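Here is the structure we will look at.
Bear in mind the structure is a predicted one, so any value in this text is a computation, not a measurement. Just so we're on the same page: letters track the sequence lines, and every chain starts at 1.
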Number of protein chains: 4
Amino acid sequence: MPIATDEVPAKRERRKQARPGELLQAALELFVEKGFAATRAEEVAARAGVSKGTLFLYFQSKEELFKAVVHEAMGGKFEAWNEEFERFEGSTDEMLRYCLNSWWERIGATPASGLTKLMVGEAANFPELAEDYRRQVIAPGHRLIRRILERGVARGEFRIPDLDYAVYSVVAPMIFLMMNQHSQGACTPDGQPLDPQRFLAMQANALLAGFMVRTHGGAP
Amino acid sequence: MPIATDEVPAKRERRKQARPGELLQAALELFVEKGFAATRAEEVAARAGVSKGTLFLYFQSKEELFKAVVHEAMGGKFEAWNEEFERFEGSTDEMLRYCLNSWWERIGATPASGLTKLMVGEAANFPELAEDYRRQVIAPGHRLIRRILERGVARGEFRIPDLDYAVYSVVAPMIFLMMNQHSQGACTPDGQPLDPQRFLAMQANALLAGFMVRTHGGAP
Amino acid sequence: MPIATDEVPAKRERRKQARPGELLQAALELFVEKGFAATRAEEVAARAGVSKGTLFLYFQSKEELFKAVVHEAMGGKFEAWNEEFERFEGSTDEMLRYCLNSWWERIGATPASGLTKLMVGEAANFPELAEDYRRQVIAPGHRLIRRILERGVARGEFRIPDLDYAVYSVVAPMIFLMMNQHSQGACTPDGQPLDPQRFLAMQANALLAGFMVRTHGGAP
Amino acid sequence: MPIATDEVPAKRERRKQARPGELLQAALELFVEKGFAATRAEEVAARAGVSKGTLFLYFQSKEELFKAVVHEAMGGKFEAWNEEFERFEGSTDEMLRYCLNSWWERIGATPASGLTKLMVGEAANFPELAEDYRRQVIAPGHRLIRRILERGVARGEFRIPDLDYAVYSVVAPMIFLMMNQHSQGACTPDGQPLDPQRFLAMQANALLAGFMVRTHGGAP
DNA sequence: AATGAATGAGGGTTCATTCAT
DNA sequence: GATGAATGAACCCTCATTCAT
């Protein structure tokens, strides 16, 4: 009998496997947009194209859904990224620019970027979740950036007196950008989100102007 | 003009007139901490030391309370500040440092700083309010900073190719700092808010390193 | 009459025809234990080893299932029993003792005994069903017992001033015993169900002490 | 100032104090009638003359309401009763008759009598509550009756070979009577509840016929 | 003016019932 | 026939809002 056991799932089955993902995506969008409390379970279901009851087939409660959304969006974005930087061979200023750009591609431009806005808004309501988020997202991100800066210093490319806080100089624009993208432009005077590439390019210049050892009149 | 519009109220009325202010303050704190939907009207009343009924004596609804909170917190922080900068006489790099510091004193360190976190979180749920906020807070802030940068350029102190976005370079750290202060440290790996002075000093250095016309390789 | 109405079903059908019976049995157990409303249709199906959908293949609704359960459990327990007593030839005190014992064997000790607890609990929610139950179970039972008592009186063995209520003296312990067996011992101080034989023996003695014409002071 | 601090409560206040009791009474009636699961919280509120929300002002949840109902109905019915029997001076057969009659007046005829039906129906769903019920109602009742029987034996009035189960002979008719009163007559062929006095009188006779030492041709 | 008991619309969650597979 | 994913009516419970005191 040449028929494989799991050839093609029946249509019903296929939906079933897709459901949790569809619900998580819908929930992420709505939670990011409106916050946890202001999002109705039925809205999430509707956006995922199912009825209210179906949501509770896959998640025990709205709160469990929320936790699942956060944990799903946190999921190992850093492993591959970390490795990539291990193997990076160019100058550290190239590395930092590359870091900002690839961060944008891998995180900033994806739905996962809403996660930061979500956590900023809900950290006080879900402290354990905020803890997870710091451990699994913020801390690895910090370590990654710190390693880049340390490399720059070690190779004599950067001069950074206050390394601890220098990391925040790199992090701040990324977080600002995500807030901006997900807050109906609440941070820009015209209500339009920024152009991310343009913003990041400018930030990279500013950061490097601060970090780089200047030879005679140097940089940008 | 012999008739003052807001004379000192008679003793009898003082208490009464204080109520709305206490409610607004309590509401600001709670809305910033937990968001609009997750904050219960009764909590606000309790924190203000009055009963649930009293809150609705002064504000028609929770939504009206929210609007009042936002408008109150937005209230003309810029007039005095603007004037101050009109009269500033030092170098523009001093001016920018002074700007960041006085911003921290006047806004960052006050309860009003939560407003930004609040608007980022609720912009989608209250679009008209977000519009007000952009007009009355974001836009004046931008204009102020832009004027400083333009002064620097005009006086040959700064070289700034992309002035529009350079403003965001100044704004971003301030917004990041406010997010950080009001999100249970959701932006720092250890869950502790940053030291604002240290962070702002570092940011000022970085910004000026990027903006300032360099004479002979000198760092800040 | 050569045509039996319920011949043995063909093998193919036997399984299929068994289903409703398994469901009825599972449902009886659960309804007796937890009540109608607190029993979930899915539990019944699970205990019968089928899926939720299958239950509704055989019964139009949970309510129909309930009615079927009750009617099934009520089913003609009295015909054979009645006949037996028609042919009884001993003394009436033996007859009464025999009645209690065979009641225990035929009803008390079977799953059908839960029916009484069920009806006591649900009579108010299913009045028509309670009516059926009274007609098909309670009334025949009463007639049976009354006939025994009347026989005793007719034969000069018993002296019973209030025959109508004397029937309840016989019924009461049986009903008490069933309640006790099906209510987690809610009627006993230690939460253990009674020993039925011991209880019934004692009751028979007590009843007969009350009914029997006493010759010269003799106890049972 | 001759005005006492708690003269007469304001109308509102008076209602407030009465509410829990009104709700408990309404709940007891409905739970007894329909069972816990089949009773809707809103019905209870309506029967108590308040709205749905008000119920939850006084009881955290439907389940807490249920527990309160049961505990309230269990409440110390035995203290006074016990004392009374300590002081009883007549013959023990009078005592037993008196016991059945006063039980009827104090418990059987009151709403609290529904409690037994309630517990029989819900014991499996609320095991801890059933435990409380056994400890606070069943056990004291048993002790009371046992003491009466023991007194009879000690005074040579009764001869009771199996004292443990003899207690159940006394308890059984009382429980049967309560079931009957609260089950739409599910235990009588005509659907009418029994006449309690008549039933109890007959039971007393029957019991005493079984218990009493017979002199020469004895009792009723 | 201030209170807080009462209300009831609204939202989370359950579960009997349906129906595509 | 059998399944179990999906549905949505119904129910518990919350909380903004009202109003008698």
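Computed from coordinates, the Leu30(A) CG to dG11(E) P distance equals 14 Å when rounded to whole Å. Between the CD atom of Glu64(C) and the C1' atom of dA16(E) there is a distance of 14 Å, rounded to whole Å. The separation between Phe66(D) atom CZ and dC11(F) atom P is 19 Å, rounded to whole Å. As a whole-Å value, the separation of Glu63(D) CD from dC12(F) P is 12 Å. One can place CD of Glu43(A) at 9 Å from P of dG12(E), the figure rounded to the nearest angstrom. Atom C1' of nucleotide dC12(F) and atom NZ of Lys62(A) are separated by 16 Å, given to the nearest angstrom. Straight-line distance from the CG atom of Leu23(B) to the P atom of dT17(F): 14 Å, rounded to whole Å.
Geometric assessment of Lys62(A) against the ring of Phe36(A) yields a positive cation-pi assignment under the 6.0 Å and 45° thresholds.
With respect to the salt-bridge test (charged N to carboxylate O, under 4.0 angstrom), the residues Glu43(A) and Lys34(A) qualify.
Position along DNA chain E of the nearest nucleotide to Glu42(C) versus Ser61(A) favours Ser61(A) as the more 5'-ward residue. Each of Ala37(A) and Ala41(C) was assigned the nucleotide of DNA chain E with the nearest heavy atom; the assignment lying further toward the 5' end belongs to Ala37(A).
In this structure, dT18(F) forms a base pair with dA5(E), meeting either the Watson-Crick or the G-U wobble geometry with both donor-acceptor distances under 3.5 Å. In this structure, dT14(E) and dA9(F) make a Watson-Crick or G-U wobble pair, each of the two defining distances being under 3.5 angstrom.
DNA chain E is contacted by Lys52(A), Phe56(A) of residues 47-58 of chain A, taking any non-hydrogen atom closer than 4.0 Å.
When all heavy atoms are compared, the tightest approach of Lys117(A) to Val32(A) is NZ-O, 2.6 Å.
Annotation: side chain of Leu129(A) is in contact with side chain of Phe66(A) (closest heavy-atom distance under 4.5 Å). Under the 4.5 Å side-chain criterion, counting only non-hydrogen atoms from C-beta, Met119(D) is not in contact with Thr116(D).
More than 12 heavy atoms of other residues, nucleotides or ligands lie within 6.0 Å of CD in Glu128(D), so this atom counts as buried by the packing criterion.
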